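If you're wondering where the values come from, they're calculated on a predicted model, not measured in any experiment. Quick note: residue numbers are just sequence positions, from 1. Just follow the structure's listing: the first ligand is 1, and inside any ligand the first atom is 1.
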Amino acid sequence: VYFFKVSILLSLTDQYSQQGWVYFKHSFYYVSPVKKNWRDSRQECLQRGADLVIINSRDEQVSVRAIWIGLTDSETEDIWKWVDGTLLSTSYWFGSEPNNFGSRDEDCVELGVYGTEMNWNDAPCRFKNFWICEKMLVL
Ligand code: MMA
Ligand code: CA
């Protein structure tokens, strides 16, 4: 029975992740690639057999608003580099970020924690967030 459950879960996760869903703590999340108003967004969710996310834990609140971007100083402390190797020039740090808070090795950058345009925060790379990938179009 156990193996059966595991294989159902695996194939379900597989199926969902191919369609762009992310599994996190007993739920599947889908981050939309397009902007829509609230009503149409809800409609899209309902069509996918889901609904707009209900924030009912602090974990969910922190994860849903925070998204990893391709910026890190894990090679050399305080030297912020993009994942393609370029040095950071224009930045959008919030307030006194990056602050390596509590010397807890905040070497990766998340955005969206602060509700302002300047909204970057350095956070521990091992923390779990949603993320955005970018693929450049090569013609
Ligand atoms: C959190 C964490 C840090 C951030 C501070 C700002 C408590 O730690 O997100 O990365 O710098 O908040 O107060
Ligand atoms: Ca920080």
Nearest non-hydrogen protein atom, [atom]:
atom	answer
atom 10 (O) of ligand 1	Glu106 OE2, 2.4 Å
atom 1 (C) of ligand 1	Arg104 NH2, 3.9 Å
atom 9 (O) of ligand 1	Asn121 ND2, 3.2 Å
atom 12 (O) of ligand 1	Tyr114 OH, 4.5 Å
atom 7 (C) of ligand 1	Phe101 CE2, 3.4 Å

- Can you check ring-ring contact (aromatic ring centres under 6.0 Å, His included) on Trp93 and Trp80, steps first, answer last? CA-CA 12 Å; Trp93 297 112; Trp80 294 94; 5.0 Å; yes
- Does the side chain to side chain contact (heavy atoms under 4.5 Å, CB included) test come out yes or no for Ile69 and Ile132, once each step is laid out? CA-CA 6 Å; Ile69 57 172; Ile132 300 181; 5.7 Å; no
- Note on the structure: Among N, O or S atoms, Glu97 approaches the Ca ion (ligand 2) most closely through OE1
- Identify, by name, the N, O or S atom of Glu106 lying closest to the Ca ion (ligand 2). OE1
Below 4.5 Å, heavy atoms only, C-beta onward: do [X] and [Y] meet side chain to side chain?
X	Y	value
Phe127	Arg104	yes
Cys108	Thr72	yes
Glu77	Asp107	yes

- Look at ligand 1 and say whether Trp93 reaches it with a heavy atom at a distance under 4.0 Å. no
- Item | ligand 1 N/O within reach of Glu97 N/O, cut-off under 3.5 Å | yes
- Item | Atom indices of ligand 1 within 4.0 angstrom of Asp122 heavy atoms, with elements | 10 (O)
- Side chains of Tyr30 and Glu44: is there a donor and an acceptor less than 3.5 Å apart? no
- Side chains of Asp59 and Ser57: is there a donor and an acceptor less than 3.5 Å apart? no
- Tell me, please, if Asn99 has any N/O/S atom, main chain or side chain, under 3.0 Å from the Ca ion (ligand 2)? yes
- Task: Working to the nearest 0.5 Å, report the span between NZ of Lys36 and CD of Gln43.
- Result: 10.5 Å
- So for Phe94 against ligand 1, with non-hydrogen atoms under 4.0 Å, the contacting part is neither
- Item | Where the Ca ion (ligand 2) is the vertex, angle from Asn121 OD1 to Asp122 O to 10° | 80°
- Task: Identify which one of Leu111, Asn99, Thr116 satisfies the side-chain contact (heavy atoms from CB on, under 4.5 Å) criterion when paired with Phe94.
- Result: Thr116
